[in-house]
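To start, the structure itself, in structure tokens.
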Amino acid sequence: MEQTDTDRSERAGVPFPFRAPSTPTVFERSRSGRTGTAVPGPDVPTRELEEEIPARHRRDRPPRLPEMPEHEVVRHYTEISLKNHHVDRALYPLGSCTMKYNPKVNEATARAPGFAGLHPLTPHDAAQGALRLMHELGEMLKEIAGMDAVTLQPPAGAQGETTGVYLMRCYHRDRGDTDRSKVLIPDSAHGTNPATVARAGFDVVELESNEEGRLDVGALRDALDDRVAGLMLTNPNTLGVFEKDVQQICDLVHEAGGLTYMDGANLNAMMGVTRPGDMGYDMVHFNLHKTFSTPHGGGGPGAGPVAVKESLARFLPVPVVVREGDEYRFDWDRPDSLGRVHGFFGNFGVMVRAYTYIRMLGREGIRETAEAAVLNNAYLSERLRDEFPLPYGRGMHESVYTGDRLKEETGVRTLDVAKRLLDFGFHAPTVYFPLVVSEALMTEPTETETREELDEYAEAMNAIAAEAREEPERVKSAPHSTPVRRLDEGRAGRELDVRWTFDDDQRGA
Ligand SMILES: *Cc1c(COP(=O)(O)O)cnc(C)c1O
């Protein structure tokens, strides 16, 4: 443990041993005639087959793939993977994102040929295993959420929200209640909430949080009227604070004729312990890629299933997976459905990972995961709060610290602290969000990190605070050891350079 501490702080002073920043691309490393695996030629005649392909679809020259020996390919990708931070290297404390460790067994099941190779147009009687998995995953999510029906189709949390707002519209229209154009959202909400609501054609009404960081019930009362379609509330909210008055809040919204939607992206803090359905919510989305694993650091595919109460079940997107005896099939015959929100059936690979994850943990394990996520955050909060106070107190699975005092005392801002953390081998926490905390540092350690890793992170944060007092310039000019230093983000946005163009001359001869 001590050993690693020294390594980390030493590393904070010395450059990484990477060949940075100009690692060549695979195309530049390619040399004509080099091969990795030599594939034997075909042992059947191919000429006739080739001729069956219309000439305009045939290649006139071989594809310009890089030519490299296998170990060079492995080295290349290993090297570039080390230039990036990921959860396989160290703690990734990005709050509001649940960057948790994803067990490798999930990858094995998601890649099982029967799943990975399945075509979405496969007839249902030849895809019973996949349909059964989807059905059982839906049943488990309903149980975890305390809801009656589910759709797995939305491919992201934000699209789960969109589905939720469309469900509000379907519900009110069906009752002939067509004047409801407003959706209420607290000011601590994730940016996707107001964006979704506006995109779906509703008006966003922002509700102020009280001094505890919770939804203000008085402000809610004042905002409720017969134009309100519903309320979107995250729990625990984006400050990591558990909304305590949810039953009362849901009752008030229901009395005014509205629906309640829970943004369930923070379910990591409460799954297996308490259920949105029991609190009175009408619907909730899950971020399978956060709470139920699937790596999502690169913005890769996600899944945002939505679970609802019985009153909304018939409006869910088509198709829904149903079970009839021992057979599973897609039910398309749902006349009240809002339609589809995604091609085919959603991101199936993410569902396989979530299914594996839930089955591996079981009922008890799901609960223990939430408890450990909260415990880890409590521990970290106590180790950090002397230097980085918590304006809204300790959160559940994540806490929002402020760098205000440090800035006043030393001129070192939250952004500088975040950049300096990279030198210690950690990813930075979420910064300057949520907006209700100035100089915010929002940290979510997640359940899998060990006490030693949390200690190292706390020591790094506290060391940076000490450094800010003694040598503020060193913090302000960080990072010092990464392949790329501090970027001009404005210029990077204006002068986008994200594409490498293939040029035959660039390829090694
Ligand atoms: C991540 C997140 C979302 C959006 O989910 P995506 O899958 O990124 O679209 C919404 N709300 C909260 C609270 C989140 O943390």
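By convention here, the first residue in the shown sequence is residue 1.
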Measure the spacing between [atom1] of [X] and [atom2] of [Y] and express it to the nearest 0.5 Å.
X    : Y    : atom1 : atom2 : result
L231 : L215 : CG    : CG    : 6.5 Å
Y281 : M147 : OH    : CE    : 9.0 Å
M396 : N237 : CE    : CG    : 10.5 Å
L184 : D225 : CG    : CG    : 8.5 Å

Those residues that, when tested against E107, pass salt bridge (Lys or Arg N to Asp or Glu O under 4.0 Å) (two or more places apart): R111, R353
Are side-chain N/O atoms of [X] and [Y] paired as donor and acceptor at under 3.5 Å?
X    : Y    : value
N235 : E243 : no
D404 : S438 : yes
E387 : Y401 : no
E161 : N193 : yes
T443 : S399 : no
T260 : D282 : yes
N268 : K100 : yes
E444 : T98  : yes
Y379 : D455 : yes

On a heavy-atom basis, which atom in M271 and which in A370 lie closest, and how many Å separate them?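 What the structure gives for the nearest pair is O-CB, 3.4 Å.
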Please work out which of the three classes, parallel, tilted or perpendicular, describes the rings of F345 and F330, given edges at 30° and 60°. parallel
Please table the atom pairs, donor to acceptor, closer than 3.5 Å between any side-chain atom in residues 216-223 and protein atoms at least two apart or in another chain.
residue, atom, partner, partner atom, Å
D216, OD1, G218, N, 3.0
D216, OD1, A219, N, 2.9

Could you list all the side-chain hydrogen bond (donor to acceptor under 3.5 Å, both in side chains) pairs where at least one residue sits in residues 307-321, not counting sequence neighbours?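 For residues 307-321, and leaving out neighbouring residues, the side-chain hydrogen bond (donor to acceptor under 3.5 Å, both in side chains) pairs sorted by first residue read D174-R314, R314-D336.
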Determine whether the aromatic ring centres of residues Y92 and H85 are separated by less than 6.0 angstrom. yes
Do K83 and P483 have side chains that get closer than 4.5 Å, going by heavy atoms? yes
